[in-house]
Amino acid sequence: MSSRTVVVTGGAAGIGRGAVERFVAAGDRVVALDRDAAALDALAAELGELVTGRVVDVADRAALAAIATETGPVDALVCAAGVQRYGTVVDTPDAVYDEVMAVNVGGVFFACQAFVPKLPRGGSVVVVASVQAYAAQKSVAAYSMGKGALLSLVRAMAVDHAEEGIRVNAVCPGSVDTPMLRTSAAQFGGDRSTDDVVAEWGRSHPLGRVATPGEVAEVIYFLSSPAASFMTGADVKVDGGLTAG
Ligand code: NAD
């Protein structure tokens, strides 16, 4: 496959960073969009000239549109930026609800609005949803709702853009060892070490552990590539069997 240009939101850390590394390993150019300027600088310094970092909040529709205008041809989009916030429908503060919807749902919608018009025939979008679109934990009402909305968006976009030859798919990870997961583990772990909490969460998956970002990135890479040429509107669980039981 010849070298492509891929836009990855949330590319500075976690699953998004894993995707950036996977595309770069294949010789692709990556435009990594993230609100964390320092992490973007570190990413570009580490991975070299194939990576361009752009600081943006994906909830900012106008800023995404401006970056899309300034960016040359794009072959694929990966939407990985997201936040994890906790609360039931009753005790979720308004500001938390607004943030989850703005970033996890609006951020994907706006990134697609900005970059899908640039995609060529054969182009592709991969959205990072979550198994929590299928099987909620306690106290993740807004997050679960948002991830479910992403699966509906993926199906709608798959239908809308099929005639243009653009494929749109989702990955639904179980627990993945990222800064997001470790922040949650530290928050809920009490006296236990973060490693112990992560290991315990891993044991809730039939494969007995959490995923690495690279394991999710491999599926993202596949879905974005011509190897997945007859896949569109799919949501692929990368969950170590969590939702199989
Ligand atoms: P992470 O927090 O480790 O990394 C997320 C990256 O996105 C960070 O670099 C962060 O700066 C960036 N980001 C967050 N909000 C942003 C915004 N408004 N604008 C621009 N950049 C922003 O998270 P992660 O664990 O890698 O999660 C990535 C995606 O995968 C999220 O959508 C998350 O919901 C989903 N997910 C994660 C897990 C998991 O266990 N880690 C499981 C299922 C789904």
Side-chain angles (χ1 to χ4, degrees), residues 7-22 30-44 51 53-64 67 78-86 96 98-111 114 126-137 140 142-151 153-154 170-188 194 197-198 201-202 204-205 209-217 219-220 235-240 242-243:
V7 172
V8 180
T9 76
I15 294 169
R17 182 180 167 126
V20 173
E21 289 174 357
R22 182 64 185 86
V30 178
V31 180
L33 309 184
D34 206 288
R35 64 183 173 188
D36 186 337
L40 277 179
D41 285 347
L43 178 81
V51 178
R54 297 294 307 265
V55 180
V56 67
D57 182 338
V58 293
D60 186 339
R61 166 190 248 147
L64 280 171
I67 288 175
V78 176
C79 298
V83 292
Q84 171 68 290
R85 301 287 182 262
Y86 295 91
V96 170
D98 289 347
E99 181 193 17
V100 171
M101 290 304 129
V103 175
N104 291 11
V105 182
V108 174
F109 197 95
F110 302 149
V126 180
V127 171
V128 181
S130 169
V131 285
Q132 298 208 15
Y134 289 94
Q137 293 173 301
V140 286
Y143 182 86
S144 281
M145 180 173 98
K147 293 302 184 180
L150 292 185
L151 299 191
L153 175 65
V154 161
V171 291
C172 292
S175 296
V176 188
D177 196 348
T178 67
M180 176 189 282
L181 188 84
R182 285 185 170 266
T183 299
S184 296
Q187 189 178 343
F188 295 109
T194 300
V197 178
V198 170
W201 290 354
S204 69
H205 299 62
R209 61 177 178 82
V210 302
T212 65
E215 288 176 307
V216 181
V219 180
I220 293 171
D235 46 273
V236 180
K237 293 172 192 160
V238 190
D239 69 353
L242 189 65
T243 53

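Start at 1 and go down the list; that is how both ligands and their atoms are numbered.
Distances from ligand 1 to the non-hydrogen atoms of K147 include at least one value under 4.0 Å. Residue contacts with ligand 1: G11 is excluded, as none of its non-hydrogen atoms falls under 4.0 Å.
Of all atoms in ligand 1, numbered sequentially from 1 with element shown, those under 4.0 Å from a heavy atom of L181 are 40 (O). Those atoms of ligand 1 with a heavy atom of G14 less than 4.0 angstrom away are 3 (O), 26 (O).
Counting heavy atoms under 4.0 Å from ligand 1, residue A80 touches it through the backbone alone. Proximity of V56 to ligand 1, defined as any heavy-atom pair under 4.0 Å, is confined to the backbone N, CA, C and O atoms. Using a 4.0 Å cut-off between heavy atoms, P213 makes no contact with ligand 1 at all. Residue V176 touches ligand 1 through backbone and side chain together, judged by heavy-atom distances below 4.0 Å.
Of the N or O atoms in N104, none lie within a sub-3.5 Å distance of an N or O in ligand 1. Checked against a 3.5 angstrom limit, the closest N/O atoms of V58 and ligand 1 fall inside it. Considering backbone and side-chain N/O atoms, S175 never comes within less than 3.5 Å of an N/O atom of ligand 1.
Across all non-hydrogen atoms, the minimal contact from L151 to C172 is CD2-SG, 3.9 Å. Counting all heavy atoms, side chain and backbone alike, I220 lies closest to V126 at O-CG2, 3.9 Å. For the residue pair P173 and V128, the shortest heavy atom distance occurs at CG-CG1, 4.0 Å.
Taking the side chain as every heavy atom from C-beta outward, L181 and V176 never approach each other to under 4.5 Å. Residues V55 and D34 are not in side-chain contact: their nearest non-hydrogen atoms beyond the backbone lie 4.5 Å or more apart. In this structure the side chain of V7 reaches within 4.5 angstrom of the side chain of L33, judged on heavy atoms.
Residues Y143 and Y86 keep their aromatic ring centres 6.0 Å or farther apart.
The option with the heavy atom closest to atom 38 (C) of ligand 1, from among A39, G146, G174, is G174.
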